[in-house]
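Along the sequence shown, residues carry numbers from 1. Heavy-atom basis, side chains included; hydrogens, waters and symmetry copies ignored.
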Amino acid sequence: MDKSKIEQGVRLILEGIGEDPAREGLRETPERIARMYAELAAGYTDDAAVHLHKRFSVERNDLVLEKDIPFYSLCEHHMLPFYGTAAVAYLPNGAVAGLSKLARTVEVYAKRLQIQERMTAQIADAMMRELAPQGVMVLLEAEHMCMTMRGVQRPGTRTTTVSMRGVFETDPALREQFYRMLERH
């Protein structure tokens with residue numbers, strides 16, 4: 001990541017909106033913003049495969065669901081945040097991943113400029129590729145600041161996206177089980 005380019009860009013934005021980047025309250029803002037983007041866009045240097053390598057053998061291939069995984073991302077169209085929760089389910093094929101690895105996989109793709117639809121598919125595809133399960137189902141629900149603080153300005157509006165792979169695409173009962181498990185508290 002080229003922090004100096006980010007700093008230059010922030011200075012140009014400040015000047016463009018009529019601010020003085022040399023003003024006391026803004027002097028360190030370009031550096032702070034560069035550090036922030038290094039954190040928010042860390043997914044470009046992270047690989048989901050690394051997180052999904054640790055596996056444990058299982059005797060039964062029972063459904064695994066991890067839900068209410070919080071995530072924060074940036075919309076690639078306006079670079080404003082969108083945030084929400086993910087639910088990731090898979091039907092193993094002889095091995096399971098460590099539970100924290102599912103949350104880390106969500107985080108890898110969230111920490112990039114994104115659209116929610118692509119992020120949902122990327123999580124599902126990474127799990128299929130790395131775990132080789134019988135199937136995967138991913139559901140993301142998020143609020144997009146580009147809709148709530150600008151444009152149509154509809155706070156509280158949430159977007160839900162779903163990606164299915166493998167047996168989840170062909171087995172309606174399995175999909176129904178996924179949705180029932182989401183409703184339980």
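- For Gly156 against Thr148, the heavy-atom pair with the smallest separation is N-CG2, 4.1 Å.
- Contact annotation: the side chain of Tyr179 approaches that of Val162 to within less than 4.5 Å [non-hydrogen atoms, C-beta and beyond].
- Sorted by first then second residue, the salt bridge (Lys or Arg N to Asp or Glu O under 4.0 Å) pairs that include residues 75-101, not counting sequence neighbours, are Glu76-Arg118.
- Residues Pro92 and Val96 approach most closely at CG-CG1, 3.7 Å, considering heavy atoms.
- Applying the side-chain hydrogen bond (donor to acceptor under 3.5 Å, both in side chains) criterion to Asn61, with sequence neighbours excluded, gives no partner residue.
- Annotation for Thr157 and Glu143: closest pair O-CG, 3.5 Å, computed over non-hydrogen atoms.
- Looking at heavy atoms from C-beta onward, Thr85 lies out of side-chain contact with Lys67 at the 4.5 angstrom threshold.
- The heavy-atom pair separating Ala142 from Phe71 by the smallest distance is CB-CZ, 3.8 Å.
- Heavy atoms from other residues, nucleotides or ligands lying under 6.0 Å from CE of Met1 number more than 12.
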- Evaluation steps, side chain to side chain contact (heavy atoms under 4.5 Å, CB included), between Leu63 and Met181: CA-CA 10 Å; Leu63 183 62; Met181 289 171 75; 3.4 Å; yes
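- Contact between Asn93 and Ala132 at its shortest, heavy atoms only, is CB-O, 3.3 Å.
- Not one N or O on the side chain of Tyr109 forms a donor-acceptor pair closer than 3.5 Å with the backbone of Ala121.
- No side-chain heavy atom of Glu39 sits less than 4.5 Å from a side-chain heavy atom of Met36.
- When side chains are defined from C-beta on, Met119 counts as touching Val106, because their heavy atoms get closer than 4.5 Å.
- Shortest non-hydrogen contact noted between Leu65 and Ala87 is CD1-CB, 4.2 Å.
- Side chains of Asp46 and Lys111 form no contact here, defined as non-hydrogen atoms less than 4.5 Å apart.
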- Task: Take Leu113 and Tyr44 through the side chain to side chain contact (heavy atoms under 4.5 Å, CB included) test and state the conclusion after the steps.
- Result: CA-CA 9 Å; Leu113 296 180; Tyr44 288 110; 3.5 Å; yes
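- A distance of 11.5 Å separates CZ of Arg104 from CG of Leu52, quoted to the nearest 0.5 Å.
- Evaluation of the ring-ring contact (aromatic ring centres under 6.0 Å, His included) rule for Tyr90 yields no partner, not counting sequence neighbours.
- The SG atom of Cys146 sits 13.0 Å away from atom CE of Met79, with the distance rounded to the nearest 0.5 Å.
- With sequence neighbours excluded, no residue satisfies side-chain hydrogen bond (donor to acceptor under 3.5 Å, both in side chains) with Arg112.
- Summarising the local packing, CD of Gln153 is surrounded by more than 12 heavy atoms from other residues, nucleotides or ligands at distances under 6.0 Å.
- Of the inter-residue distances, the one linking Arg27 atom CZ with Leu14 atom CG reads 13.5 Å to the nearest 0.5 angstrom.
- The side-chain hydrogen bond (donor to acceptor under 3.5 Å, both in side chains) search around Arg11 returns Glu31, not counting sequence neighbours.
- Considering only residues two or more places apart in sequence or on other chains, Leu99 meets the side-chain contact (heavy atoms from CB on, under 4.5 Å) condition with Val64, Glu66.
- By the side-chain contact (heavy atoms from CB on, under 4.5 Å) test, Tyr72 is found to be paired with Tyr83, residues two or more places apart in sequence or in another chain being considered.
- Distance check: Leu26 CG to Arg32 CZ gives 8.0 Å after rounding to the nearest 0.5 Å.
- Using a 3.5 Å distance cut-off with no hydrogens or angles, the side chains of Thr161 and Gln116 do pair a donor with an acceptor.
- The aromatic rings of Phe168 and Phe178 lie perpendicular to each other, with more than 60° between the two planes, well past the 30° mark.
- Note that the CE atom of Met147 and the OG1 atom of Thr159 stand 6.0 Å from one another [nearest 0.5 Å].
- Under the 4.5 Å side-chain criterion, counting only non-hydrogen atoms from C-beta, Pro133 is in contact with Met128.
- Put simply, CG on Leu131 and CG on Leu102 are 7.5 Å apart, with the number rounded to the nearest 0.5 Å.
- One hydrophobic cluster holds both Met164 and Leu91 under the rule that ILVMFWY side chains link at heavy-atom gaps under 4.5 Å.
- Residues passing the side-chain contact (heavy atoms from CB on, under 4.5 Å) test with Arg60 are Asp62, sequence neighbours excluded.
- The side-chain heavy atoms of Thr105 and Val88, taken from C-beta on, include no pair separated by under 4.5 Å.
- The side-chain hydrogen bond (donor to acceptor under 3.5 Å, both in side chains) check on Thr160 picks up Glu141, with sequence neighbours excluded.
- Within the structure, salt bridge (Lys or Arg N to Asp or Glu O under 4.0 Å) contacts touching residues 47-59 (residues at least two apart or in different chains) do not occur.
- The backbone N or O of Leu74 lies less than 3.5 Å from no partner atom in the side chain of Gln114, so there is not a single donor-acceptor pair.
- Take Ala34 and apply the side-chain contact (heavy atoms from CB on, under 4.5 Å) test, not counting sequence neighbours, and it matches Lys3, Ile6, Glu7.
- For the residue pair His51 / Glu107, no side-chain donor-acceptor distance below 3.5 Å is found, with atom types taken as modelled.
- Hydrophobic clustering of Ile, Leu, Val, Met, Phe, Trp and Tyr side chains at less than 4.5 Å, counting indirect connections, unites Leu140 with Phe82.
- For residues 165-175, the pairs satisfying salt bridge (Lys or Arg N to Asp or Glu O under 4.0 Å) are Asp125-Arg165, with sequence neighbours left out.
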